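First the structure, in the form of structure tokens, and then the observations on it.
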Amino acid sequence: MTISRRAFGLAAAAGALLPALPAAAKAVPPAGAQAPGFYRIKVGSVEVTVLNDATGALPAKMYSGDAAGAEKTLEAAFVPNKAEAPASFNQWLINNGNKLVLVDTGWSGGLGPAGGKMPKALAAAGIDPADIDAVVITHIHIDHVQGLLTPDKKVAFPNATVHVDANELAWWTQGDIKPPDGKPFWKSFFEIGRTALKPYTDAGKVQTFKDGAELLPGVIAVSAPGHTVGHTMVRISSGSDQLLLWTDIVHSTALQFPEPERSIVFDLDPAQAIATRKKVMDMAATDRLLIAGTHIGFPGVGHVAKASTGYAFVPLLWNANI
Ligand SMILES: [Zn+2]
């Protein structure tokens, strides 16, 4: 048979693409569920496990800039619905053989059954939450902080200290709740962030850090403000290897790699968020840095290539060996 679009269409219409199959030995119902998402990579002697809490999409209209252009960009990226920009929700577990450090915690019960899958991924990776020594919160947004508590509001990491940028913690927790603009979601962001941190604060288990702090040997906090006041990236260096957990530098791979000047409605200071994104992308492309993103499709690890317009994400390929 010739390969042509017409031939495929005709064959499909006639049901003639496959020969008749023999009767099945046993009917097996489809599983109807995905395996827990965890993926390991090695950075020098440090093992990093990417965990997945949720996958979903955010309305394209949450992004700044021209809406028709956004639809075209999403269509060119083959997204299923050009009104929605896909977003993953990834976290990371850093194991240097001595300490277990979790970076961010996911939604817990905040998204219903669509989210809060990180604990299952952690279990599938063979990790008991009680063995986690520290949790780094990159910023106090609901999709990063809520998993400090289980869906029934119990402490999820009983033996962990929680580390967060000093400016970030102060902004979200000191004084009255003062939403910075008229956007309706801020109030719940404040309340959920404060609730998630409270039992750890009450137990004296919240510690603050500043830009450049060494969280573990070779694991450095790097301030990347704009999305929030103390939005933090984590740079892991071991031997000649490096990995930059850039967290929320990008919310939509399809939109913001080619068009880094698009901000998202959750950016506290959109102009600063855009400037930070451009700076970090340029650094990652120029230095050929391996990066990992919270909202890049799981496992969301790869490189940043300069493209004719903006940048392109080049995913790291699955590697069965680490
Ligand atoms: Zn986020």
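All of these numbers come straight from a predicted model, not from anything done at the bench. Read the numbers this way: they start at 1 and go in the same order the structure lists the ligands and their atoms.
For the pair Asn90 and Gly293, the tightest heavy-atom approach, listed with the atom from each and the gap, is ND2-O, 3.1 Å.
Not counting sequence neighbours, Leu317 has no partner by the side-chain contact (heavy atoms from CB on, under 4.5 Å) test. In this structure, the side-chain contact (heavy atoms from CB on, under 4.5 Å) partners of Ala160, at least two apart in sequence or on a different chain, are Ile132, Val135, Phe157.
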I'd like a table of donor-acceptor pairs (distance under 3.5 Å, sequence neighbours excluded) in which one partner is a side-chain atom from residues 297-311, with atom names and distances.
residue, atom, partner, partner atom, Å
Lys306, NZ, Asp282, OD1, 3.3
Lys306, NZ, Thr286, OG1, 3.4

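Two rings, from Tyr39 and Trp92, have their centers 6.0 Å or more apart.
Excluding waters, the count of protein N/O/S atoms less than 2.8 Å from the Zn ion (ligand 1) comes to 4.
No chain of hydrophobic side-chain contacts below 4.5 Å, direct or via other Ile, Leu, Val, Met, Phe, Trp or Tyr residues, connects Trp246 to Leu255.
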